[in-house]
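Here is the structure we will look at.
Each chain gets a letter, A, B and so on, in the order the sequences are listed, and its residues count up from 1.
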Amino acid sequence: MRPFTYTRATDVTSAIRLLSQNPNARFLAGGTNLLDLMKEDVERPSTLIDISELGLTDIKSIASGTNKDGVTLGGLGKNTDAANHPLIRQHYPLLTQAILAGASGQLRNMATNGGNLLQRTRCPYFYEVAMPCNKREPGTGCGAKDGINRMHAIFGWSDQCVAVYPSDMAVALAALDAVIIVRNAGGQERRIPILDFHRLPDNQPEKDTNLVHGELITAIELPQNRFADKSYYLKVRDRASYAFALVSVAAALETEGNTIKQARIAMGGVAHKPWRALKAETMLVGKEATEANFKQAADAVMAEAKPLAHNAFKVELGNRSIVLALQMAMKGGKI
Amino acid sequence: MDEHESPELTEDEKRLFADLMPEDLNEILDTGVNRRHFLKLMTLAGGGILAAQSAVAEQLLTRPSNAPSPTELAPVSLDNAVNVSFKVNGTARKLTVDSRMTLLDALRERLDLTGSKKGCDHGQCGACTVMVNGHRVLSCLTLTASCEGKTVQTIEGLAQNDKLHPMQEAFLKHDGFQCGFCTPGQICSAVAMLDEAKKGQVSYVTENVRQTTGPAKLSNEEIRERMSGNICRCGAYPNIVAAIQEVYNGKPVEQIFRSV
Ligand SMILES: Cc1cc2nc3c(=O)[nH]c(=O)nc-3n(C[C@H](O)[C@H](O)[C@H](O)COP(=O)(O)OP(=O)(O)OC[C@H]3O[C@@H](n4cnc5c(N)ncnc54)[C@H](O)[C@@H]3O)c2cc1C
Ligand code: SF4
Ligand code: FES
Ligand code: FES
């Protein structure tokens, strides 16, 4: 690890000021991604601003405003606490399942909600500094595009980068229409819908998100919905547990009898951001919740896939995973 | 090499220095003071990182160098020193550490608590698991600097005087280890995990996460999922699960492993 100065932030305002003054500074939350990347020499910050003691950990019902009756999660709360909070378990079990599908008990005790959203790709070429990688060092090329790209994207990639975004939590947040609340050095707040938070690679793969340097994620808002009875997070991976997704699906349905009133499908492990299948969702509205209709929706999603040399298997896998996740959602998400 | 010697830089070194640490170049040309630090950096970096960045570095590193070997280096100076006061296994400790020092390294190298093991050093194996403020975490991804005012418990703090913690007893009884390398992390993780279950925390394999009353029930499948962050290369898993079940249920579980 390269030398850096360590600062413990004592309040939100000064933490944000410190960060915005120094382009080479980074916030340190749980550190589970940042320290790992620093040890690999991928991240080389000159200063770490430890934000872990700033509070911003509450989980509570939203008292007023347009999202009234939703829930807000503190940006610095731990993943374990978010997954286990009674409000989340009761009203957003999809989020609980997604968080618990990721990492391990120890890591979730450290990882924060804001840090989770900002974790970087696990593309092995990105991690290995001797390899070319446009995300790590713009202009050096992409080692994965014509390399070993079994774990990589099938949607939304560009010639510049084919990496997938690894967070499980974010996939559930995408299905739940979460809003990310950030604060900048001027003290202003910005509300970013989760689907606008992460970017596709285009020709700037080094930019993972639309966050501006200096902004702090203070909270995540979950609008009220009627999906709690029928939702499921399915994660398919190389090992039964403790591995990143090959493909994951966050599925949620609202039904009247067996007729679908609303549907949500978001996928992980397939693109540079959580991949929301808006068209397929619309297709399902008004239809019966049958396997045939689920299959039709899955076909529609996967018809747009553009697999690489080593990940064509993700097309069939994704197709079946969508059907299975929707069926599991119909069973109330119980395994 | 003499401790106090600060010889001139070669032309190659000057160029490399200008390339990598431009802000320090003048100081080193004037006084030579940073030369040792610079050479140490190069040795520690193993060459690969620097070489990948600079053609000059590559030339430098592929010809015989007169850089001192790591053992010859001056005692490591503390870069960006941070003071930390925290409680480790019930005892108050004060350390001044390099900002980069992880909790794992501080425990092992500064406090002589070598129970916690360094397996992967990247959060992937769980050998370094300790409890901070009562929660199991990975000490290899925790900066010591961030532990100010916190309480840390390691495997060394579990036994009370001569009496082993029940989880330690159970691991012994059930042969929950072969080489023993992962064992301290497994035991710390298991102790904390039972506490999490008692508080009603759920896991990815919990049948119904919406049911929010009472402690979690731990099937073998639940234990396996909750312990999945602890990797055992010897494959002692069935015995580890048996040991944990015994402590969880508070009554003897039949030993799987018998030397009949
Ligand atoms: C072995 C291993 C396995 C894993 N498996 C999975 C998995 O299966 N699924 C999964 O989803 N994740 C997985 N993870 C990733 C883990 O979930 C993330 O590392 C974690 O969520 C990051 O949170 P953190 O608080 O530790 O972030 P940090 O590492 O502290 O920070 C990450 C980044 O976010 C920035 N940041 C942090 N908080 C804020 C904030 N509030 N505002 C602005 N910027 C901020 C930091 O500056 C840094 O750049 C795994 C990690 C490891 C090490
Ligand atoms: S896929 Fe993206 S992250 Fe991976 S090597 Fe290519 S540019 Fe880098
Ligand atoms: S050494 Fe910390 S998890 Fe492997
Ligand atoms: S006992 Fe050898 S690694 Fe677990």
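Other residues, nucleotides and ligands contribute at most 12 non-hydrogen atoms within 6.0 Å of the CZ atom of A:Arg226. Counting non-hydrogen atoms of other residues, nucleotides and ligands closer than 6.0 Å to NZ of A:Lys39 gives a total above 12.
B:Ile231 CD1 to A:Tyr242 OH: the interatomic distance, rounded to the nearest 0.5 Å, is 6.0 Å. Here CG of B:Leu143 is found 8.5 Å from CG of A:Leu34. Values are rounded to the nearest 0.5 Å. From B:Lys150, atom NZ reaches atom OG of A:Ser52 across 4.5 Å, with rounding to the nearest 0.5 Å. Annotation: the span from A:Leu107 atom CG to B:Leu141 atom CG amounts to 6.5 Å, rounded to 0.5 Å. Annotation: the span from A:Leu37 atom CG to B:His122 atom NE2 amounts to 10.0 Å, rounded to 0.5 Å. Interatomic distance, B:Leu138 CG to A:Gln106 CD, rounded to the nearest 0.5 Å: 5.0 Å.
When atom types are taken as modelled, the side chain of A:Asn109 and the backbone of B:His135 share no donor-acceptor pair closer than 3.5 angstrom.
Residues of residues 199-208 of chain B placed with any heavy atom under 4.5 Å of a heavy atom in chain A are listed by number as B:Gly200, B:Gln201, B:Val202, B:Ser203, B:Tyr204, B:Val205, B:Thr206, B:Glu207, B:Asn208. The contact list for residues 211-224 of chain B toward chain A, using heavy atoms and a distance under 4.5 Å, reads B:Gln211, B:Thr212 by residue number.
Contact count versus chain B (heavy atoms, under 4.5 Å) is highest, among A:Gly105, A:Ala101, A:Gly102, for A:Ala101. Considering only heavy-atom pairs separated by less than 4.5 Å from chain A, the leading option among B:Val209, B:Thr142, B:Asn230 is B:Val209. Ranked by non-hydrogen atom pairs under 4.5 Å with chain B, the options A:Gly332, A:Gly31, A:Gly30, A:Ala228 are led by A:Ala228. The candidate with the highest count of non-hydrogen atom pairs below 4.5 Å against chain A, out of B:Arg226, B:Glu148, B:Met193, is B:Glu148. Comparing B:Ala81, B:Ala192, B:Ser189, B:Ser146 by how many heavy-atom pairs each has under 4.5 Å with chain A, the most go to B:Ser146.
Contacts of A:Lys78 with chain B are absent, with no heavy-atom separation under 4.5 Å from either backbone or side chain. Neither the backbone nor the side chain of A:Ile88 comes within less than 4.5 Å of any heavy atom in chain B. Heavy atoms closer than 4.5 Å to chain B are found in both the backbone and the side chain of A:Asp36.
The side-chain heavy atoms of A:Thr5 and B:Val82, taken from C-beta on, include no pair separated by under 4.5 Å.
When all heavy atoms of A:Asp229 and B:Arg210 are compared, the closest pair comes out as OD1-NH1, 2.8 Å. Looking at every heavy atom in both residues, A:Arg8 comes nearest to B:Asn83 through NH2-O, 4.1 Å. Of all heavy-atom pairs between A:Ser241 and B:Ser228, the closest is OG-OG, 3.2 Å.
Between the side chains of A:Asn84 and B:Glu196, no donor N or O sits under 3.5 Å from an acceptor N or O.
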